[in-house]
Amino acid sequence: MEPISAQQVLQAAFGEEEEVQVWNFDPARGEAALCRVWLRRGSCKWGALCRHGHDIDLSAYSLRARRGAAMPHLVRGDAKASLESDTVAFVVCGNRAVYDYEDPWVAQRFLAPETAGTHLWSLLPLELAVQTLWSAGSSGAQALLTCKDWHQREISQKMRELTYQEATGAEFPDCSARELSEVMLARRLLLSAQAFSTKSDYQCSPVAQVPQPAPCLAVLLDEAVVFAVLQSGEIRCHRSSTGQLLASSPRLSKGRLLQAATLGKAFILGDDHGGVHLVQRDDLSETKQLRSSGKSAICALAALKANQEAYLCASMDGSLELIQVSDEDSRIQLLAELGAFSMAPALCAFAVGEERVLVSAGPHHLWTWSPGGLKAVAQSRWSGQGICHSCSLNDKLVIATTACCRLQWWSLNGEELRPDGETQAFRASNVGKVVDLCAYGDICASLHANLTHPNLTVVLWQGSSKAEVARIEVSGLGQSLALGAGCLAIASFAGAGRSRAGTNVLHLATQPLFVEKVLKDGSQQSIFTGPAADKRPGQTDEPRGVPCFS
């Protein structure tokens with residue numbers, strides 16, 4: 001977008017017959033070159049004996065005299081050139097002063113009679129108003145963050161769309177303040193994690209790398225802490241900002257490997273012998289075995305949101321079970337037999353009306369379960385092998401498998417699930433297969449691993465547009481991924497070299513303290529946050545003021 005000049009703005013608002021003059025500082029001529037009193041009053045008590053120049057007289061514009069005798073020299077600027085706030089001293093329009101770098105009252109006096117009962121921005125054509133704000137960059141946006149009377153919805157909307165396109169390279173018409181905030185926060189975390197790995201100066205968020213004693217099966221976020229669930233059955237609790245180990249649970253018995261985990265009121269773990277284990281959320285040392293073994297390995301678990309004591313469990317033989325946990329007793333109930341799976345299924349809880357759980361055993365091999373029963377959605381049997389992954393966004397579900405690099409999208413339309421197309425990352429052959437999925441708001445994050453290149457790739461997708469909006473590449477093989485408003489966690493394996501053994505590592509990127517404060521403070525305002533009508537249908541309220549510039 002082309003820079004905006006003072007002449008464009010003033011003539012668009014107040015007419016093209018007025019001549020616009022801009023006076024810029026000219027430090028090359030000396031910091032004490034002009035007499036400040038002469039320039040403002042047209043007279044000086046020292047007269048010809050004054051040590052400072054009387055070359056420029058702006059007294060005709062009724063400028064108030066300021067304290068001090070000298071000021072830098074001025075040079076006539078080009079009114080058609082873009083304004084640089086650090087170099088502009090005065091702006092005049094016709095016979096009136098518009099801007100005085102030492103006196104804010106000048107601008108107020110100029111605008112008052114012209115904008116009585118209205119706002120200056122409403123006098124400008126929409127595109128020019130947006131272009132004016134955009135040309136000011138982040139400094140202009142920060143200045144308007146304090147504007148309590150900002151009600152220009154159309155300008156705010158255009159600014160959101162421009163900011164989104166500038167940050168992601170993708171167009172997103174009707175982008176809401178919440179969607180812009182989510183993608184900017186996620187992008188900040190993503191780029192900081194990459195900068196830390198490549199020793200770049202771009203890092204703008206705290207990042208920590210924590211070695212793990214075993215491969216990481218899942219990463220679960222819980223406010224200020226991160227739980228790393230290892231294949232050995234151990235759960236390690238880390239402080240998200242520093243990676244400090246706060247607590248850990250006992251491991252599973254020897255010869256067992258963890259296959260699935262979920263977090264509700266407590267942790268529920270499933271192993272390769274069909275065993276089910278409970279670990280208390282607030283005390284990781286308190287564990288209980290709910291079942292020692294089953295017919296086949298447990299491959300997926302999901303915690304229900306409406307009933308925090310209930311969990312859904314899927315096994316490789318096609319068994320779908322309901323686990324109910326209470327202080328007095330725990331029981332496991334068989335719900336259905338779906339037939340043996342060729343691909344390890346995934347479970348994903350979501351809510352449209354009543355809470356439901358998506359059971360996916362491939363891109364077109366789906367069921368939904370609710371307390372009312374099991375319902376088949378798509379039954380095109382998937383013949384491939386691997387592991388299925390799924391996640392829930394605001395109004396969509398995403399499914400992927402380790403057998404390919406594509407993402408399949410499903411839209412929530414009332415009580416029905418409908419296919420909404422497939423997408424794949426740019427240059428998918430270099431990115432590799434999908435090894436994990438997670439979601440935050442309307443942002444989907446996919447973790448890819450390419451065995452031919454020892455690098456992992458994290459790709460961010462905008463759910464509403466199904467467009468790729470950001471990506472990073474980090475050395476190592478990806479294991480698991482978790483994304484929230486304040487934290488990004490990536491578990492990976494750094495391959496062995498000539499002088500070192502391979503290491504399982506947990507990468508943690510968190511938001512800086514000032515961002516966390518704004519996220520928690522709902523009273524903050526943002527020029528990108530429109531009125532309540534700016535929300536999308538079905539979108540819930542959340543604190544305003546999420547910073548929108550990275």
Side-chain angles (χ1 to χ4, degrees), residues 217-218 257-262 268-274 276 294-304 310-323 332-350 352 355-393 396-412 416-424 433-439 444 446-449 480-481:
L217 176 75
L257 290 177
L258 198 64
Q259 298 293 310
T262 189
I268 298 294
L269 311 178
D271 63 34
D272 56 351
H273 286 60
V276 181
K295 294 180 180 180
S296 67
I298 290 175
C299 47
L301 288 162
L304 303 187
Y311 307 81
L312 212 63
C313 169
S315 303
M316 280 302 295
D317 65 353
S319 301
L320 190 64
E321 299 172 300
L322 180 65
I323 303 172
I332 301 176
Q333 174 188 355
L334 179 64
L335 298 176
E337 293 280 359
L338 303 178
F341 299 123
S342 62
M343 173 172 286
L347 299 176
C348 176
F350 64 99
V352 177
E355 182 175 25
R356 291 184 283 174
V357 176
L358 177 71
V359 183
S360 54
H364 296 280
H365 197 192
L366 313 175
W367 299 262
T368 57
W369 176 88
S370 69
L374 191 69
K375 179 182 177 181
V377 177
Q379 292 301 304
S380 176
R381 176 73 66 168
W382 178 259
S383 59
Q385 295 183 344
I387 302 174
C388 192
H389 303 283
S390 61
C391 65
S392 170
L393 281 65
K396 285 183 173 61
L397 294 171
V398 187
I399 300 171
T401 72
T402 55
C404 65
C405 54
R406 295 190 301 274
L407 274 63
Q408 185 184 49
W409 300 78
W410 291 77
S411 294
L412 302 173
E416 295 185 4
L417 274 178
R418 296 185 177 178
D420 197 16
E422 294 185 354
T423 57
Q424 65 180 21
K433 314 299 183 184
V434 179
V435 296
D436 201 8
L437 283 178
C438 67
C444 172
S446 58
L447 177 63
H448 301 255
S480 186
L481 176 72

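Values below: all heavy atoms of this structure, side chains included; hydrogens, waters and symmetry mates excluded. Throughout, numbering of the chain's residues begins at 1 and tracks the sequence. Here the structure is a predicted model, which means the values were calculated and not measured.
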Once side-chain hydrogen bond (donor to acceptor under 3.5 Å, both in side chains) is applied, do any residues pair with [X], and if so which ones, sequence neighbours excluded?
X: Q408; result: H364, W410
X: T262; result: none
X: D271; result: R256, H277
X: S319; result: D317, E337

Compare every heavy atom of [Y] with every heavy atom of [X], then report the nearest pair and how far apart it is.
X: C391; Y: C444; result: SG-SG, 3.9 Å
X: I399; Y: G362; result: CG2-O, 4.3 Å
X: L481; Y: D436; result: N-OD2, 2.9 Å
X: A403; Y: M343; result: CB-CE, 4.2 Å
X: L437; Y: H389; result: CD1-O, 3.8 Å
X: A218; Y: S480; result: CA-OG, 3.4 Å

Nearest-0.5 Å distance that lies between atom [atom1] in [X] and atom [atom2] in [Y]:
X: L358; Y: C388; atom1: CG; atom2: SG; value: 8.0 Å
X: E321; Y: Q333; atom1: CD; atom2: CD; value: 9.5 Å
X: I298; Y: Q259; atom1: CD1; atom2: CD; value: 9.5 Å
X: L347; Y: C313; atom1: CG; atom2: SG; value: 8.0 Å

Check side-chain contact (heavy atoms from CB on, under 4.5 Å) between [X] and all other residues, then give those that pass, not counting sequence neighbours.
X: C299; answer: M316, A344, P345
X: S392; answer: C348, F350, L397
X: E416; answer: R418
X: L374; answer: L320, A336, L338, W367, W369

Quiz item: Are L312 and L322 close enough that some pair of their side-chain heavy atoms sits under 4.5 Å apart?
Solution: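 Yes - at least one pair of side-chain heavy atoms lies under 4.5 Å apart.
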
Self-check item: Validation row: V276, I332 side chains within 4.5 angstrom (heavy atoms)
Solution: yes

Quiz item: Sequence neighbours excluded, which residues qualify as salt bridge (charged side-chain N to carboxylate O under 4.0 Å, His left out) partners of D420?
Solution: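 In terms of salt bridge (charged side-chain N to carboxylate O under 4.0 Å, His left out), with neighbours along the sequence ignored, D420 is linked to K396, K466.
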
